[in-house]
Amino acid sequence: MEALIKQALLDHSQEIFEMDISEKMIQFQKTRKDVEGDLTLVVFPFGKVLKCSPVDAGEKIGAFLVEKIDALASYSVINGFLNFVISDQYWLGRLSDMDSQEKFGFQEANSKPTVMVEYSSPNTNKPLHLGHLRNIFLGYSVAEILKANGHKMVKTQIINDRGIHICKSMLAWERFSPVNDKGERETPENTGIKGDKLVGKYYVLFDKHFNTEANKIIQGWENADFSGYSEEISAEFERLNSSKAGKDEKAIAGLNEKIKDLAKNQTTILLDAKEMLILWEAKDPQVYLLWTTMNGWVYKGFEKTYDMMGVDFDTLYYESNTFLIGKDLVEDGLSSGVFFKKDDGSVWIDLTDDGLDEKLVLRSDGTAVYMTQDVGTAVDRFKDYPDLDGIIYTVGNEQDYHFRVLFLILQKLGYAWAKNCYHLSYGMVELRNSAGEVGKMKSREGTVVDADDLMDEVVGAARLMTQARGHIDGMSSEERDELFYKIGMGGLKYYLLKVDPRKGMAFNPEESIELNGNTGPFIQYAHARIKSLLAKGGELHNLRDVESISAEEKEILKHLNCFPEVIREAGEGHSPALLANYAFELVKLYNSFYQSVTVLKEEDATLRNMRLVLSSNVAKVIDLSLGLLGIKAPERM
RNA sequence: GGCCCUGUGGCGCAACUGAAUAGCGCACUGGAUUUCGGCUCCAGCGGUUACAGGUUUGAAUCCUGUCAGGGUCACCA
């Protein structure tokens, strides 16, 4: 309808205004609730150009359009706003139209360029936690939304499977794992512990021994025992230690932290881990075997977690493969002058002209850093997918700077596609306890929320609450489990996705399992209720001979009619939150309608059928929008 | 300190490609309904959109400054 009006105005601008008008002047908005009308044209811009009052301009335009366009029933002008009433028949036509489309609002699949969405991208040394949940649900949802917008999609992740942190777990396992009577160290098989959890356990254990040893060293230093340490180290310690005098608490804590780092670097356990990394890089068979074995455990564990989350990937990239590509690219860039080498052999890029700093891309010992690998991965991906248009990186906002640099480097290396790379940056998830205090998750303080535990918890909560309400008679226990899963996960996903991604959020366990208000289960319930209605309502017929619709019905139709536009906006803005809020709004409108009219008991068969068709399309759009959030809409609950 | 992000009723959020009296949920108060699935609906209470200027016919939205919170500025990832 907007397009129709816009065209009419442009085509007849001479007739109405006696001058040409620009498209930009034509601005629509939803009509306010307390004003009669279905669509509003803002007429301030016209008043300005026509040098008359906005009201006069509105009258002129309104009279012309109502005459010209059949579907416009009437108009009114209030202040600078021209409100149109659109005919009931127009809305009924829209209903027929959307009813005929199974995937109403979706663009034709694969009709747009290929896009890659990267999300999750874990380290292989510890299990996934709450922070990953926001990342994964967000990335998955954005990928689904872009698919709905017609893009060909490749879902991927970069698995951070190499580096010192992996060696720490490996070393701790080798050194500290108890040995059973068969002479085996702990494995997922012989302990029953999920693979990623087992490896994570040893990562924590490494840290514990690491700290103990470092503290012992500091104790020695404090007693002036520097035997075995170089003069530089003792001098550095003395410098740090003596500068504590007279400082405030915060400064002292900072200095202590520095002393601790100094000591940590002297621990034998870290030196051993570093040695292991060198062996790994040299592909030492024993270390390599240990590495593949332990990573294998982790992948199996992750697989289970992803399965529970209901997400998938098309292609996986491993840092252990791509960091070498990155190193080659740095060599190339060095000869082409994009990078430069410092005296110590380290390689840098100078981004001061772009308002950034110098950034390291290769260490002085020739080993790769994170940036090196990311450059390699990006180039590798475009090689693998020649029709790839761009990559979307779902990564937390603490890496905003990193991605600015990465995209700049890719641009300077001459890759035209660099401008199509986008950092889907999201805010941190912090924890809110029952007292309402917000705090960061810290593994050392045991305040990290494990992803598996959390999912089990919300599904368990859904079980309790749904059993208490009871609409599950006659369901098998498998069906019930499936239902509790859908409700629990639906609530959790909705909770994490309804907020604008770039904003930080505080996770409140109680709120995440709420069933009322702006929640996933509230929307799921409306869907189930409609499905029940439809099951009892019998066969649906084509709409015809419906004379008029009620205000509630019209409000729903107007909202349904926006769905395609919302999908488009959610894709453009990379924001699942738009769809979440859209679905919630739809449900509220429907509940209001449901309260005010009867459907099944309506005696007028035409009207009854129209309401059923309307309900059916509401259910469909709920199902589609929840689907784009990765949430299932149960038939019963 | 430089750069980036955020700041909306008690709490959680929406509107942030400028437009009418800033919407919604939770909580609280009152009411409807005992139903086609009440995990429902309606109403009330509650905000000079952190603060101060500026641009504009019009600012939560854009600009400048201040304040507060977070992030980042590693030969970590």
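Residue numbers start from 1 in every chain, and the chains themselves are labelled A, B, ... in the order their sequence lines are given, proteins ahead of strands.
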Six-ring centre of A/Trp348, A/Lys342 cation under 6.0 angstrom, axis tolerance 45°: yes
A/Tyr582 and A/His559 aromatic ring geometry - parallel, tilted or perpendicular at 30°/60° bounds: parallel
Short side-chain N/O contact from A/Ser592 to OP1 or OP2 of B/C42, under 4.0 Å: yes
Below 4.0 Å: OP1/OP2 of B/A77 and any side-chain N or O of A/Arg363: yes
Spacing between A/Lys588 atom NZ and B/C13 atom P, to the nearest angstrom: 17 Å
Stepwise salt bridge (charged side-chain N to carboxylate O under 4.0 Å, His left out) check, A/Lys126 with A/Asp196: CA-CA 6 Å; A/Lys126 49 189 167 195; A/Asp196 52 328; over 6 Å; no
Centroid distance under 5.5 Å and plane angle under 30°, A/Tyr401 vs B/U72: no
Euclidean distance, atom OH of residue A/Tyr594 to atom C1' of B/C36 [Å, nearest integer]: 4 Å
A/Arg502 side-chain N/O to B/U6 phosphate OP1/OP2 under 4.0 Å: yes
N or O in side chain of A/Lys601 less than 4.0 angstrom from B/C36 OP1/OP2: yes
Given RNA chain B, 5'-ward residue of the pair A/Val587 and A/Asn79, judged by closest heavy atom: A/Asn79
Side chain proximity check, A/Val375 to A/Val330, heavy atoms < 4.5 angstrom: no
Aromatic ring pairing A/Phe507/A/Tyr495, orientation class (parallel under 30°, perpendicular over 60°, tilted between): perpendicular
Pair partner, B/U17 [Watson-Crick or wobble, under 3.5 Å]: none
Check: A/Gln595 side chain, B/U40 base, donor-acceptor under 3.5 Å: yes
Check: B/A20 base within 3.5 Å donor-acceptor of A/Asn83 side chain: yes
Stacking of A/Phe44 on B/A19 base (centres under 5.5 Å, planes under 30°): yes
For B/G25, the Watson-Crick or wobble counterpart (both distances under 3.5 Å): B/C11
Side-chain N or O of A/Asn591 closer than 4.0 Å to phosphate OP1/OP2 of B/C41: yes
Residue mapping more 5' on RNA chain B - nearest nucleotide basis, A/Phe593 or A/Thr519: A/Thr519
Between P of B/C41 and CD of A/Glu585, the distance in whole Å: 12 Å
